[in-house]
Structure formats: C-alpha cells, structure tokens
There are 2 protein chains.
Amino acid sequence: MALAHALLASLLVDGACSGYDLVKRFDESISCYWMASHQQIYKELRDLEKQGWVSSETIAQTGRPNKNLYSITALGQEHLAHWILTPSVPTVIREDLMIKTLAGFLVPNLAMLDELKRRRQIHLDKLAVLKEIERQEFPQVAALSREQKFCYLSIRRGIRYEADWVAWCEEAIALLAEE
Amino acid sequence: MALAHALLASLLVDGACSGYDLVKRFDESISCYWMASHQQIYKELRDLEKQGWVSSETIAQTGRPNKNLYSITALGQEHLAHWILTPSVPTVIREDLMIKTLAGFLVPNLAMLDELKRRRQIHLDKLAVLKEIERQEFPQVAALSREQKFCYLSIRRGIRYEADWVAWCEEAIALLAEE
DNA sequence: AGTATATATGCAAAAAAATGCATTAGTCAA
DNA sequence: TTGACTAATGCATTTTTTTGCATATATACT
C-alpha cells in the first residue's frame, strides 16, 4: 500500500494540492515509477485523512466544483519517514511484452518487429519528456541541495528505465531483422 | 490477465509439467518479468483447463502426492498466438524505492545509502544468475534458431533490467556520498 | 448547435493479487 | 526425535487494482 506513501511524498515535495492536481502530478511525472487512477487517488486521500496523515480544507469555487485541498500533517511526515526507513523489496515485474517475446515464434516475424518498433517509440517519447524535465529543472547537477538531489535521482531513474527499454528494443529488432 | 498467457508460454516453450514445476520455473527464470505465487498459478491452471487452453493428466505417485501434468492444447496455442498479436502497453511501474528516494531527505543520509547498497546487492545477485544462464544456454549467439532467439531476448531483457538498476544505484550512491 | 476538453469528485462491481493457513509423506541432518 | 526441507496441491479472506458509470459547469472548437 505504497500508494499512500506516494501521495504523502508528493504533498511533501511539491506542496499541498487537490486530488485532481495529484492525478495530474501522477500522470506527468510520478507515473514513471508509480501509476494510479483517479479513483484510487481520491479514495486513498479520504483514507489518509481518516488516519490523520493528511488534512483537508474545502475551497469553495464558483463556476466549477469545489475542491478539497490536501496537506500532509506532521503525523503524516513522521509516518512517511518511518516507512522510508523500513527496507523494501524490488517491485514485482509483470511485463506482457516479455511473455510475448518468449513465445514470439508463434507469430510472423514482421508482426513481432512491428510491436517492438511500436514499443521503442513509446519509450523514446517518454524518454524525451523526462530528459526535457532534467534539462529544465536540473541544469547544473553539481550545485544541488540535499532535497533536490533526491528529486534529481528520481528523474534519473525514469530516464535510465526508458533508455534501457529503448536499448533492448534496438537489440531485439536487430536480432530479429537479420534474416 | 496475462498470467494465463505466461503459463501457456511456459508450457509451450519448456514443455508440459505440473503446477509445482511451473511454480519453480516462475521462481527461477520467468520471475524476471512475471511474478506469481503458487496460489495464483494453481488456480489459473484450473481456469485454463475450463477454457480448454490446457489439458491435464493425473500422474499417480507413491510416497508423494499425485501430480497433475498440464499440457497446452492446440486451442491454447491459437489463443496465445492471437493474444501476442494484440498490441500491449508498457507495464505499470510501482516501485517503492523510488517513492522513498523522492522523500529521502526526511531520513539520515546513511540510512538511504544503506538501503541503496542493499538494493544494489539484490540486483547484482540476480544479474549474476541471469548472466550464468546466458553463458550456459546461449554460448554462441550467431547460431540461434528462431525460437531460441526469442528465449535469448527474454534473458537479455532481464540482464539489462538488473544491470540498469545496479547502474542507477551506483549513481545514487555516488551522488549522496559526496558530502 | 453540437462536440470535445478541462475542472473536480465520487460509487459500485468485478477482477486480480496478496496473505494466511492446511494437508500428506518422504528425506536429511543435528 | 525434533526440526527443516522437498514434493504437491489447495481453500478462504482480505486487500488492491481495474473498469464502468455518473455528475456539474465552463470554455473552446467546428
């Protein structure tokens, strides 16, 4: 149930915001290591409030629905810090494409090549987005504060991940293309 | 529900076997891109049989429980091939360590460094196992059959994945260590 | 005028996964 | 002879995730 912690971390690092804003944050950057739907996020925020880890304030708006502004509480920060200190295991990997690759000989070579090229493009696109964030937000790595270093490392993980996928796709395409 | 397809692929590529054997196959190699518990695997096999995608034969044994030997059926192969041809999206990533990294400034630097070193070791160990499999099963890459190429690419993905994690851990450790 | 998109949040049901517990019988070591 | 491990399979419960559907107003496009 690290979704809770992902939300807490976002409220801490990027500040208080609404559930709607959190959905956007997840879509934009956090999704490179944690994905969640708006249904999950809204529900989890209500649960977090019950626990006392976040507090909310209703912001009345005209013309559009009211919003709930969520902030992390001192208790929430403590809880997050405590969780960070408990060792965690690598994530479970469940990657459709690798199952497809394992049994890829069942389908025509061109079909697999197409799928691999499609995937390469997806990862190239994500990579470009992340590299742009890196370029804009971390122009000089030498002069980062402690807090910034951690943000930087998160982005770096995303960049490596996408670049690694691209590299594997290239390798696979090259191997399968040689007839 | 690609667990079903992972099971079908394993039965196809490595041959008929029992649920127990599949659990071992998952633990050993498949887990580098699909993880599943024995409870999931046994249940899914029963479901697959209802669908007609696998067939089972009870093997009576003395001294130990009887086993059910599962084989993929022609229908199962067709189904698998059809699934392979439908495009898939990248897996959802949910990585605790990255959430921890994002908010890592909440805890002492040494604690984060310890966790990063622990993680590096986990990935180094997995990497060693996969590289050994690569060395033993794919000594000369130039002379692979079509089917073998796909197996090889699966292993390559695992190797890249683990190596990539190690590289990021190194980068993170280096950045945080410089005081 | 109609369609799509953004803002902002939610309920309900179904599917998938994780967790805990259970059985039977052999081997192997301390 | 107690404890641990391997072989082999399963049930039940809870948690988590996914999917489908719903609502309200505003703005911008076509």
Side-chain angles (χ1 to χ4, degrees), chain A residues 1-7 11 16-28 30-31 33-51 54 56-70 83 88-96 99, chain B residues 1-8 10-11 16-28 30-31 33-51 54 56-70 83 88-96 99:
Chain A
M1 38 153 270
L3 171 58
H5 303 101
L7 292 168
L11 290 175
C17 69
S18 67
Y20 189 84
D21 292 327
L22 276 166
V23 172
K24 278 197 292 184
R25 286 189 194 170
F26 269 69
D27 279 350
E28 281 159 19
I30 301 176
S31 67
Y33 41 83
W34 204 278
M35 291 184 197
S37 63
H38 82 267
Q39 290 92 338
Q40 270 181 287
I41 290 173
Y42 284 118
K43 182 185 179 303
E44 194 66 43
L45 283 170
R46 279 171 268 150
D47 293 350
L48 285 175
E49 188 164 24
K50 278 182 206 151
Q51 296 283 327
V54 303
S56 78
E57 187 192 350
T58 304
I59 309 283
Q61 301 192 121
T62 51
R64 58 186 53 173
N66 294 343
K67 69 161 103 176
N68 304 322
L69 188 72
Y70 288 95
W83 175 75
S88 58
V89 293
T91 197
V92 294
I93 311 167
R94 294 199 168 120
E95 182 58 72
D96 283 21
I99 307 295
Chain B
M1 39 153 270
L3 170 57
H5 304 101
L7 292 169
L8 291 175
S10 181
L11 290 175
C17 69
S18 67
Y20 189 84
D21 293 327
L22 277 166
V23 172
K24 279 196 293 183
R25 285 188 194 170
F26 269 67
D27 279 350
E28 282 159 21
I30 300 176
S31 67
Y33 40 80
W34 204 278
M35 292 185 196
S37 64
H38 82 266
Q39 290 92 335
Q40 270 180 288
I41 290 172
Y42 284 118
K43 183 186 178 303
E44 194 66 43
L45 283 170
R46 278 171 269 150
D47 292 351
L48 286 176
E49 189 166 22
K50 278 180 207 153
Q51 296 283 328
V54 303
S56 79
E57 187 192 351
T58 305
I59 308 283
Q61 300 192 117
T62 53
R64 59 185 52 174
N66 293 344
K67 72 160 101 174
N68 304 322
L69 187 71
Y70 288 94
W83 175 76
S88 58
V89 292
T91 197
V92 293
I93 310 168
R94 292 199 169 122
E95 184 57 72
D96 283 21
I99 307 294

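So that the names make sense, note that chain A is the first sequence line, chain B the second, and so on, each numbered from 1.
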Whole Å only: how far is the [atom1] atom of [X] from the [atom2] atom of [N]?
X        : N       : atom1 : atom2 : value
Asp47(B) : dG10(D) : CG    : P     : 11 Å
Lys67(A) : dA24(D) : NZ    : C1'   : 16 Å
Met35(A) : dT19(D) : CE    : P     : 13 Å
Ile41(B) : dG10(D) : CD1   : C1'   : 14 Å
Glu44(B) : dA17(C) : CD    : P     : 8 Å
Glu49(A) : dT9(C)  : CD    : C1'   : 14 Å
His38(B) : dA8(D)  : NE2   : C1'   : 9 Å
Leu3(B)  : dA17(C) : CG    : C1'   : 10 Å

Hey, is the side chain of [X] poking within less than 4.0 Å of OP1 or OP2 on [N], counting only N and O atoms?
X        : N       : result
Lys24(A) : dA8(C)  : no
Tyr20(B) : dT9(D)  : no
Tyr42(B) : dG10(D) : no

Run the side-chain contact (heavy atoms from CB on, under 4.5 Å) test on Leu8(B) and Trp83(B) for me, step by step, so that the C-alpha distance in whole Å, both residues' side-chain angles and the decisive distance to 0.1 Å come before the verdict. CA-CA 11 Å; Leu8(B) 291 175; Trp83(B) 175 76; over 6 Å; no

Apply side-chain contact (heavy atoms from CB on, under 4.5 Å) to Asn68(A) and Glu49(A), showing your working. CA-CA 11 Å; Asn68(A) 304 322; Glu49(A) 188 164 24; over 6 Å; no

Ser18(B) has a side chain; which of dT9(D), dT7(C), dG10(C) sits nearest to it?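 The answer is dT9(D), which lies nearest to the side chain.
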
What's the closest nucleotide to the Pro65(B) side chain, out of dA7(D), dC11(D), dT9(C)?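 Between dA7(D), dC11(D), dT9(C), the one nearest the side chain of Pro65(B) would be dA7(D).
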
So Gln40(A), base contact, sugar-phosphate only, or nothing? Heavy-atom distance under 4.0 Å.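 Result for Gln40(A) = base.
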
So what does Gln61(A) hit on the nucleic acid, given a heavy-atom distance under 4.0 Å: a base, only sugar-phosphate, or nothing?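 Counting heavy atoms under 4.0 Å across all strands, the contact made by Gln61(A) is with sugar-phosphate only.
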
Under the side-chain contact (heavy atoms from CB on, under 4.5 Å) criterion, do Tyr33(A) and Thr91(A) qualify, and how do the steps go? CA-CA 10 Å; Tyr33(A) 41 83; Thr91(A) 197; over 6 Å; no

Using heavy-atom distances to pick each residue's nearest nucleotide on DNA chain D, tell me which of Gln39(B) and Arg94(B) is more 5'.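 Per heavy-atom nearest nucleotide, the more 5' residue is Gln39(B).
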
Give me the distance, rounded to whole Å, that separates dT7(C) from dC21(D) when you measure between the P atoms they each carry.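 These two P atoms come out 24 Å apart once rounded.
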
Nearest 0.5 Å, what's the CG-OG1 distance between Asn66(A) and Thr58(A)?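 Separation between the atoms: 7.0 Å.
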
Asp47(A) with Lys43(A): basic N within carboxylate O range, under 4.0 Å: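 So Asp47(A) pairs with Lys43(A) through a salt bridge.
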
Residue closer to the 5' end of DNA chain C, Arg64(B) versus Asn68(A) (nearest nucleotide):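 With Asn68(A) and Arg64(B) compared, the 5'-side residue is Asn68(A).
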
